[in-house]
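By convention in this document, chain letters (A, B, ...) are assigned in the order of the sequence lines, proteins followed by strands, and residues within each chain are numbered from 1.
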There are 2 protein chains.
Amino acid sequence: MDRIPIVPDIVVGRLPLYLRALQRMAQEGQSITSSQELGERLGISAAQIRKDLSLFGEFGKQGTGYQIDYLVEKLRQILHVDKIWDMVVVGAGDVGRALSRYQGFTDRGFRVVMVFDKDPKIIGSQIGSFQIQSTDTMIQAIRENCILVAMLAVPADQAQEAADKLVEAGVKAILNYAPINLGVPEGVYVQNTDPVTYLLRMSYYLAS
Amino acid sequence: MDRIPIVPDIVVGRLPLYLRALQRMAQEGQSITSSQELGERLGISAAQIRKDLSLFGEFGKQGTGYQIDYLVEKLRQILHVDKIWDMVVVGAGDVGRALSRYQGFTDRGFRVVMVFDKDPKIIGSQIGSFQIQSTDTMIQAIRENCILVAMLAVPADQAQEAADKLVEAGVKAILNYAPINLGVPEGVYVQNTDPVTYLLRMSYYLAS
DNA sequence: TAGATTGTTAATCGATTAACAATC
DNA sequence: TAGATTGTTAATCGATTAACAATC
């Protein structure tokens, strides 16, 4: 069904940006766009967008541009979000709570199905519609439900231990909010999203 | 005082990773490291680390490696976090609350000093030690305190409006949690940190 | 048809790596 | 001294851009 292009990771990183901008355009009632218009929104050159997309197929029409609905559908297929991914949240502190209650997942291909914490004092209590479960039973629960995606929101000094459990449970993708580099085996994908890292990147440019 | 190297943005993006790993090593009691060891932790080649650092000076010793404390100090200078940056949080929902109460800022060069929301029902109530202020008075409050850094955690459809206010108030760096591309003038830096974008990047690799 | 925009090629540009003299 | 590791150069590799034929 799919081609087997060798897709540079840097291209994969841009596809979600294209998808998000296109979905926004659709929401604004637009039905067609061009590589130039999309590029202007994103600060990316039109040539690059066309080249990126051409790795996966021919989605546009000369002289016209891209049908937004169609391109969104294709990008969702390419990124494997033509289904809903079940996720777990590990860590029921403020960040875990925010993730558990975040409304922005479901219409973009993801949903939280379980929340775990190791603190006996909060296990059993509710976060939104979830009852916080113990990390002691986490491996089994994740395995039984074949969950592949986790968001990790525990303190830095507990993150590696939690990640090890997730890996053991079969999780293949970890969105890591702890400010630490996790060691994981081949085939497990980690995306770090520590706010301070981004702030530092900006403060470099905030010279005096 | 500083050199004037032309530093590629991709290098700037790696410096915070170096800093974070070095600070962790220091915390673990280590006092010296090498480009090789650091590279192994981060999944980055030793040559690249040496090359990146060499843009800013000569921080190591042949045969020995890098004094961690010294390199941390230098990186903090380079990234302009040899001081504490005051920040505001805009949006007092779950994400804004998590950011306002996050303990991980202060020892890494940042601190939240004010929290704003536009909802009259929550203005005046407390989040941690902050009293939520009205966005109506935000521009003035930011200006008076010469704040340059903001974290934006409002719904997507209010994000551009809030960003416009931040820019008007003189903010130069915005960490944007809303899943939307903000339009900002030259000289204002935006870092997007929408969780779904990262999840999509990973789900590409989660083929079946 | 005339105008617009794609998909793709070739040229350019920039980033990464390999290698090694210098030196601690 | 012998071993190790830096800083830096040159070579390689990969990504971006410019340009244009194809075509809607």
#### Entry: Separation of D/dT23 P from A/Lys61 NZ (nearest whole Å)
14 Å
### Query
Is the ring centre of A/Tyr189 less than 6.0 Å from the ring centre of B/Tyr205?
yes
### Summary
To the nearest angstrom, the CD1-P distance between A/Ile32 and D/dC24 comes to 15 Å
### Query
Counting only side-chain N and O atoms of B/Ser45, is one of them less than 4.0 Å from OP1 or OP2 of C/dT17?
yes
### Query
Which listed nucleotide (D/dA19, D/dT5, C/dA15) is nearest to the side chain of A/Arg50?
D/dA19
### Any-strand Watson-Crick or G-U partner of D/dC24, both distances under 3.5 Å
C/dG3
### Interatomic distance, B/Glu37 CD vs D/dA4 P [rounded to whole Å]
15 Å
### Task
Taking only the side-chain nitrogens and oxygens of A/Gln48, find out if one of them lies under 4.0 Å from OP1 or OP2 of D/dT16.
yes
#### Entry: Nucleotide of C/dT9, D/dT6, C/dT17 approaching A/Lys51 most closely (side-chain heavy atoms)
C/dT9
### Query
For A/Ile49 and D/dA18, what is the distance between atoms CD1 and P respectively, to the nearest whole Å?
14 Å
### Task
From the options D/dC24, D/dT16, D/dT6, select the nucleotide whose nearest atom is closest to the side chain of A/Ile10.
D/dT16
### Query
Are A/Arg76 and A/Asp82 ion-paired here, with the side-chain N under 4.0 Å from a carboxylate O?
no
### Query
In whole angstrom, what separates A/Phe56's CZ from C/dT8's C1'?
16 Å
### Query
Of all the choices, C/dT6, D/dT5, D/dA18, which nucleotide is nearest to the side chain of A/Ala47 once you look at every atom?
D/dA18
### Query
D/dT9 C1' sits how many Å from B/Leu55 CG, rounded?
14 Å
### Message
Less than 4.5 Å apart, side chain to side chain, heavy atoms only: is that true for A/Met138 and A/Leu166?
### Response
yes
### Backbone of B/Ile139 reached by a side-chain donor or acceptor of B/Glu168 within 3.5 Å
no
### Task
Tell me the partner of C/dT9, counting only Watson-Crick (N1-N3 plus N6-O4 or O6-N4) or G-U wobble (N1-O2 and O6-N3) with both under 3.5 Å; none if nothing fits.
D/dA18
### Task
Ignoring backbone atoms, establish whether A/Tyr66 has a side-chain N or O less than 4.0 Å from OP1 or OP2 of C/dA4.
no
### Query
Under 4.5 Å between any side-chain heavy atoms of B/Asp86 and B/Val149, yes or no?
no
### Message
Can you tell me which nucleotide in C/dT8, C/dT23, D/dT16 comes closest to the side chain of A/Arg14?
### Response
D/dT16
### Query
Separation of A/Leu53 atom CG from C/dG7 atom P, in whole Å?
7 Å
### Query
Can you tell me how far P of C/dT6 sits from CD of A/Gln62, to the nearest Å?
9 Å
### Message
Under 4.0 Å from OP1 or OP2 of D/dT5: is there any side-chain N or O of B/Thr64 that close?
### Response
no
### Task
Go through C/dT5, D/dT8, D/dC24 for me and flag the one nearest to the A/Ser34 side chain.
C/dT5
### Query
Should B/Asp9 and A/Arg201 count as an ion pair when the cut-off is N to O under 4.0 Å?
yes
### Query
Among C/dC24, C/dT8, D/dT8, which is the nearest nucleotide to the side chain of A/Glu58?
C/dT8
### Task
Could you say whether A/Asp52 or B/Phe59 is positioned toward the 5' end of DNA chain D, judged by the nucleotide with the nearest heavy atom to each?
B/Phe59
